[in-house]
Each structure stands twice: as structure tokens, then as C-alpha cells.
Amino acid sequence: MKNIRPSMYKLHKQWLVKVTPKHRHSCSVSVPPTEDNKRPISSTEFKNKLATGPTFQDFIKNAPFKENATEVHEGRFEDTQSYLPDDPYIGNSRKVYFETYGCQMNVNDTEIAWSILQKKGYLRTSEPSQADVILLVTCSIREKAEQTIWNRLKHLTALKMRRSKVNAPLKIGILGCMAERLKTELLEREKLVDVLAGPDAYRDLPRLLALADGGQRASNVLLSLEETYADVMPVHHTPQGHSAYVSIMRGCDNMCSYCIVPFTRGRERSRPASSILEEIRILSDQGVKEVTLLGQNVNSYRDMSEEQFCGPEPVHLSRGFSTVYRARRGGLRFADLLDRVSQINPDMRVRFTSPHPKDFPDEVLQLIQERGNICKQIHLPAQSGSSRVLQAMRRGYTREAYLDLVANIRKIIPGVSLSSDFITGFCGETEEDHQQTLSLLREVRYNVGFLFAYSMRKKTHAFHRLQDDVPAEVKQRRLEELTTVFRGEAAKLNASLIGSTQLILVEGVSKRSAQELCGRNDGNLKVIFPDTHTVPIRPGDYVLVKITWASSQSLRGHVLSHTSLSSVGNTPSQAYQGEQLAVR
Ligand code: 5AD
Ligand code: SF4
């Protein structure tokens, strides 16, 4: 009966009606009791009555929604308005405020969740005080990240109480990794939140919010083997809108022993290439000048729906690398995807994060080198410089294999910028292991580093099998030592850029001074330069900047000219050395 409005349904039930073919198979017909039909009727009589009785058209003639009926073939009418009852999950212009924590994946998840709610008639607000619904998109990767959210929840609960006193109800929802990890605590023990939606349950948000509206606590933290939100076009929300992150896969199969991600985000699955390419084409049409392909393990990408395109090929883990899970064969690989993405718009920069060192075949590296619009910048998370610790972390490589890979990358892509993640104080890490990490930092010389003190997470392999035996103050001290060495090396690397000319994608006015503009070079380093106002420079423009000053974290310089990516290519930093171009 799902095609029939409740009011029409009653009508159909009371009277013998002639149904259109559309309705015939979906509604049951009963005969009203008249003197004539108290006895059972034959099927021929029944057909005659059908033929001579009132038509569906007779009913809709007087129906209140007549204006929605359009004439269709053979003079019949068809109701173009849905027979479904009003959508029970509709947002009714209620305002949602999103607060996003953690990694870039969560920013993308916010865009997906918002896209789903927007379609249901919710509005978005940037003011928590104006919101009817506050949704926190959460991270569980370290304890500190979760603590921040617990503290925030306390504030929000106080706000909720104040709002209920003035009859302006507020609903609070937790999305993302923490919803998955702490469902029981969040819903039952703390009783702070109305809605919980795990990373694979955002499609269910409208229903969960409708339940919460009816006074229930609602949760869905089921993980999926397939969900990639391929058909949900994320609503990108960057301030200037010239850079966008595009999710190409979800979940992770690597099972590094310290990491909660495989448990909160589930098994690895790739979004179909067709959906990714369509999103990037739309972004390009909208004027986006930089896309970053996003996932926990981007270079393990495999679109299995494109099996016929590439066919099976030998597994190609980088030399000296192994994996807990068997690598997938067949399908469209990361190199193929990167190739297609880079061809969409030669004036659009392409980056990707985060890859895993195990999946860097020469083919990917050569593609990066060849294509003018793929940035010569690679994030290569090492985590530790000690083979013993790497083994305990189940990273699947030794220090030597990692260094070989770095050498190979530098050989194929001279001038490449490298960045990395490191964890200090992992289970059993000795002073000697720590020294090896410091020496790896010096040997590789990264431009950018993300350094963390180890935080034990429940459910992980390390939690079950290893001892979190490095005292907190030792972790902290080692972290500081890593920071000092990293900064020193990055400062030297960046100082070597003084005098070079860098291709900068302009982001906008610098945070520190309204007289200055900022943007990023090919290596993703921040570059600040004065706004001379001689020529208008807008966010999304490409300009050439002569570098005059460098620190471990940013560069400064002055603009030489406007340019385009396709005319100069996204070649690494030293390429424009000495080149002088007139300002247009
Ligand atoms: N403790 C500290 N850092 C961690 N990371 C992942 N799990 C943990 C943990 N339990 C770091 C890794 C990873 C980055 C995203 O976060 O360095 O690459
Ligand atoms: Fe965690 Fe390792 Fe997966 Fe990265 S690759 S998300 S560190 S399990």
C-alpha cells in the first residue's frame, strides 16, 4: 500500500474502484456490502463492475490535491504528488551547528553529514546559540582528543539545560570515531547526548534526529563493508573555497598495533572512481584550484568495480615491505586514479594524504614526477626510526627499507618535499630506539613533521599484547627532542629556498596582518608576502613569489607576477631559481 496516501487508502477500501495500471498491483480492492453483493460474486461480474464503476479519475476530480494532477496518455490523470505520508524525517528548517575535531577525514565526514541533512531541509548555522541541533564530529586517535570532547560536552549540556528552561530545546549529537568507540558510555552512563552516529551511519542521521525529537536517545554505530557515500556529494565548506578534500576510500586494514582507526572506521573500502572523478570535475567547474585525495591509506586504493579495466597484475609492495592483510589484486589502482584525476584540469593542483610507505611503486612516483599539476610532495609516515619498534608497531618495514624508499623517491622526484608522522614512547621504546628516530629525522630531512606522544588505546593489538611502559614524562621529553631536531632540519631545508622563486596558490589575507597575503607552495609550506595592491591578487590566483626569508614553518617573499599552473608546471622548489618575471 505504500503508493497510497492514508486518505485515499480509506476511499479505496470502502468503494469498488477502477485502478490505474500503476495502482492495480499495489492495492487490494474490496466490495462494499449492498443488497446485490451480499452473495459472493463471480469473477466475470466483478470485472463488469470494475468496468462500469467510477474511475480513478472520478476520485481525483474532487480530491483536494487536484492541482497536482497532470493529464497523461489516454485521457487518464496521474497524480504527480507523492502518495507517501509527509516525510517523517524532514528537518523543517531546524538549524544545525557542526563542530569538527581531529583529522581531515572528519572535515570530509562533516561535509557528507551536512549534505545529507541539507537535503532533508535542515539549515546550517555558524552560531551554537542559534542552533536547534549541535553535532560534534569526533576523533578517538589519542586520549587527549577524546578528553577535549568530554569537556566540550559538559559545556553543551549546561547550554541544553538553560535552553530547555526557556522552552527552546536543543539536541546534541556525537558523530564519528568516538560515537563508535564509546557508544555505551555516551548514551547510557553520561546521558549527555541525544544522537550517536558512527562513521558509516550518516545516512541514518535524519531518522536518528527525528527519534531524538520525539524524546528518545537514538544511535547507529554499525560499521559497513561497503559504505563509501559514493552517491552523496559532500558540501564543501572551506572559507575561500579554492581547495577541497575529496574522500577516495574509507577504513583501514593495516592494523598497526597502536592504532584505533581500523576499529572505529572499519575495513578498508574504495569509493568508485567514477564518483570521485565526477566530484572533482564539479569542483573544477566551481573554480576549485587544489584537490587533496583523502583516505587512511590512499595508495592502497582499489576500485574493484573497474576490474575489467586493468585486470589482475602482480602484487607490487615496495621493496622490503610486508602487510598483515593480503594486498588486493585487480581493479583500478591508485596510479590509475591519480592519472585520471590529474587530467581533469591542468590548472588544478593534486595532492593526496595519507599514504602508507608500503604502496609506492615506481609507477606512482614517475606519474608524480611527470605531471605538472601533481604536487612534488609526499607524506611518508615513518612512526619510528628503530626497526625493533617498527616491528612492535606492525608497520611492515624496517628502518633500512624505509630509507631505501626515501632514496628511490628522491631519485625519481628530485627536490620532492617529504613530511612524516612520528610517535614517541611506544611500548618498549628504549633510549637507543629513540636515538635512532632522531637520526632518521636528521638523515631524511623532512619539510613538515607531525609528532605525537604515544597514547594507549583500548581494543588495539598493543593494548592486548604490549606494555605501555614508557613514563609520561619520558614520552614528553622525547617528543620535545624530536621537535627540536625536526625544526632544526626543516629550518635548514627551508633556508635553502631563499632566493628561489616559488609558485604559490593564494589563500587570502594573512592571519597576522591585513597588509599581507598568504598561500602555499608546491611543498604545502605557508608563504607570506605583502599585498602591494599594484595588481589585484585574489584567493585562488597562482602567483610567483621570490623567497627572501625562511623559518622552520613558513617562508616570506615578494610577488613577481601572476601566472598559471599549466604554464609553469608544479615543479619542485628550486626550479625557478633566479628567474625574474615582471608583475602583470
Ligand atoms: N598514540 C599516538 N599517536 C598515534 N597516532 C595514531 N595512533 C596513535 C596513538 N595511539 C598517530 C600516528 C598516525 C597519526 C595520524 O596519528 O602517527 O600516523
Ligand atoms: Fe592507523 Fe596505521 Fe591505518 Fe594509519 S595506516 S590509520 S596508522 S592503522
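Source: prediction; values computed, not measured. Indexing begins at 1, ligand by ligand and atom by atom, following the structure's order.
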Report the part of [X] in contact with ligand 1, treating N, CA, C, O as backbone and CB onward as side chain, heavy atoms under 4.0 Å; options are side chain, backbone, both, neither.
X	answer
Ala453	backbone
Phe452	side chain
Val261	neither
Ser455	both

Backbone or side-chain N or O of Arg457 under 3.5 Å from ligand 1 N or O: no
Under 4.0 Å from a heavy atom of [X]: which atoms of ligand 1 are those, numbered in the order shown and with their elements?
X	result
Gln383	12 (C), 13 (C), 17 (O), 18 (O)
Arg142	1 (N), 2 (C), 3 (N), 4 (C), 5 (N), 11 (C), 16 (O)
Tyr454	1 (N), 2 (C), 10 (N)

Ring geometry between Tyr397 and Phe321 (parallel below 30°, tilted from 30 to 60°, perpendicular above 60°): tilted
[X] and [Y]: side chain donor to acceptor below 3.5 Å:
X	Y	answer
Thr148	Asn151	no
Gln377	Ser417	no
Tyr258	Arg395	yes

